[in-house]
Amino acid sequence: MTGVWLLHVDLDQFFASVEVLRRPELRGRPVIVGGAGDPAQARAVVATASREAREFGVHSGMPIRMAARKCPDAVFLPMDMPAYQRASARVMETLRAFPVRLEVWGLDEAFVGGDIDDPQRLAADLKAAVLDEVGLTCAIGIGRNKNQAKIAARFAKKDPSGIATLTGETWMPVMGGRPVGELWGVGPKTVKKLEELGIETVADLAAAGLETLAPRFTPRAATWLVVIARGGGDTEVVTEPWVARSRSKEVTFDRDLTERTEIEEQVTALARALGAEVVAAGRRVIRVGVKVRTASFFTQTREAKLRDGPTTDPDVIAHAALTVLTKFELDRPVRLLGVRADLLVND
DNA sequence: TCTGGGGTCCTAGGACCC
DNA sequence: TCTGGGGTCCTAGGACCC
């Protein structure tokens, strides 16, 4: 089984694990990271729950207050992104020391690829190195492409070894009978549309002709769906660092905003903070967008290209955000405000 | 217990130009 | 006066992921 393999490395309960790492007294306890770290905080959700907290039914995306009811004895902690970034960098450095190609895929994930003789052995070595050098555990999925590796990593999470493999030979026996929603990139909306076409399982989708999918999907989307259902996927490992296309800041307020001046102040503050980060990252802004979510959860975005070209000036960004803000009615209580900057790529 | 924050990519319609 | 297509840019929203 030698040849080109892809491994998907997925760190376990990343934020919670990093917290435990620097506070060993938390080991073995349910740890819940999210929001301000206050179990009574409204309008905040769980970012990561430790394995112990998950046993109480707590999971990512759950409102913090519900988590607090399910697991009142948990340790609640606020997010500390700089700490997670540092831990992530150490993990990636550890992986990069192996003779493989590495594609960093977010803070807690990476693809490893190359001409690999024994992928299971490599996976075990990678896991051991990450544990020895950083103190974190991970699951590793092995496949012939990113799709297979990514899905295999899910099985790896449930396996005591923390390693699982999917290939062209095992894909359909393993995945064929499973619901299409288990595919990577197929969410609830797509599941519904496929159901309307009588397609429920991965095998159904793999066998579907493009003409079957045509009523609900563009040719491009249909083609891609069939490819992933058959276990196909991208094999390219991009080692160059990712260049962000955009950067944004948004905040959900504890209490809704009703005063226009208050809304303008908040948008200005978000835009300036965002501008400072963008400049610190050495990037230039070409477009500014604003997001408004009302108390009823109705969400709209408005945006505008900067007429005078790319900028690094926080004043220009803030002014642009306020101009975009005038495109909104703002006649309802505002729950969330966000500002997004699209960045000049290739500069 | 109402539903976070930070991203990416795709699509579709209208404007505008040739 | 009416009528083509094609191409690109811009904007808004949808869908998905972690």
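Side-chain atoms are counted along with the backbone in the values below, which use heavy atoms only and exclude waters and symmetry mates. Order of the sequence lines sets the chain letters (A, B, ...), proteins ahead of strands, with each chain counted from 1. Everything numeric in this text was worked out from a predicted model, so none of it was measured.
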Would you say [X] reaches [N]'s phosphate, i.e. side-chain N/O to OP1/OP2 under 4.0 Å?
X       : N       : result
T252(A) : dT3(B)  : no
R335(A) : dT3(B)  : yes
R43(A)  : dT1(B)  : no
R293(A) : dT3(B)  : no
W224(A) : dC9(B)  : no
K150(A) : dC18(C) : yes
S246(A) : dT8(B)  : yes
R340(A) : dG6(B)  : no
T218(A) : dT11(B) : yes

Look at the side chain of [X] and decide which nucleotide, out of [options], has an atom nearest to it.
X       : options                  : value
L336(A) : dG13(C), dC16(C), dG5(B) : dG5(B)
F297(A) : dT3(B), dG6(B), dA15(C)  : dT3(B)
S248(A) : dG5(B), dG6(B), dT11(C)  : dG6(B)
V45(A)  : dT3(B), dG5(B), dC10(C)  : dT3(B)
T190(A) : dG5(B), dC16(C), dT11(C) : dC16(C)
K249(A) : dT1(B), dG6(B), dT11(B)  : dG6(B)

Item to check | Min side-chain heavy-atom separation F15(A)-M81(A) under 4.5 Å | outcome: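 Heavy-atom side-chain distance check passes, below 4.5 Å.
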Measure the distance from [atom1] on [X] to [atom2] on [N] and round it to the nearest whole Å.
X       : N       : atom1 : atom2 : result
I151(A) : dC17(C) : CD1   : P     : 9 Å
F15(A)  : dG4(B)  : CZ    : P     : 16 Å
E109(A) : dC18(C) : CD    : C1'   : 7 Å
K193(A) : dA15(C) : NZ    : C1'   : 9 Å
Q300(A) : dG14(C) : CD    : P     : 10 Å
I286(A) : dT11(C) : CD1   : C1'   : 13 Å
Q85(A)  : dC18(C) : CD    : C1'   : 15 Å
F217(A) : dC10(B) : CZ    : C1'   : 13 Å

So [X], base contact, sugar-phosphate only, or nothing? Heavy-atom distance under 4.0 Å.
X       : result
V46(A)  : nothing
L183(A) : sugar-phosphate
G106(A) : nothing
I64(A)  : nothing
A68(A)  : nothing

Item to check | V180(A) to V202(A) - nearest heavy-atom pair and separation | outcome: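 Looking at all heavy atoms of both residues, the closest pair is CG1-N, 4.0 Å.
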Checklist outcome for this item: What one should report as the nearest heavy-atom pair of L136(A) and V18(A) is CD2-N, 4.2 Å
Next on the checklist: Let me spell it out: for each of W242(A) and S296(A), pick the nucleotide of DNA chain B with the closest heavy atom. Which residue's pick is nearer the 5' end?
Outcome noted: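 Its nearest nucleotide lies further toward 5', so the answer is S296(A).
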Checklist entry - Quick one: on DNA chain B, does S60(A) or R247(A) contact a more 5' nucleotide (nearest heavy atom)? => result S60(A)
Next on the checklist: Please determine whether a side-chain nitrogen of the Lys or Arg among D315(A) and R272(A) lies less than 4.0 Å from a carboxylate oxygen of the Asp or Glu.
Outcome noted: yes
Item to check | Stacking of W184(A) on dC17(C) base (centres under 5.5 Å, planes under 30°) | outcome: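 Here W184(A) fails the 5.5 Å or the 30° condition.
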Checklist entry - Quick check: does any side chain N or O of S50(A) sit under 3.5 Å from a backbone N or O of A16(A), one acting as donor and the other as acceptor? => result no
Checklist entry - In terms of the angle between their ring planes, are F111(A) and W105(A) parallel, tilted or perpendicular, with boundaries placed at 30° and 60°? => result perpendicular
Checklist entry - Is there a Watson-Crick or G-U wobble partner for dG14(C) with both distances under 3.5 Å, and if so, which one is it? => result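 Answer to the pairing question: dC9(B), which forms a Watson-Crick or G-U pair with dG14(C).
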Checklist entry - Is the base of dC2(B) syn or anti, if syn means a glycosidic angle within 90° of 0? => result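 Classified syn.
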Checklist entry - Out of R144(A), Q148(A), Q120(A), which residue meets the side-chain hydrogen bond (donor to acceptor under 3.5 Å, both in side chains) rule with T165(A)? => result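 Testing each of R144(A), Q148(A), Q120(A) against T165(A), the sole residue satisfying side-chain hydrogen bond (donor to acceptor under 3.5 Å, both in side chains) is Q120(A).
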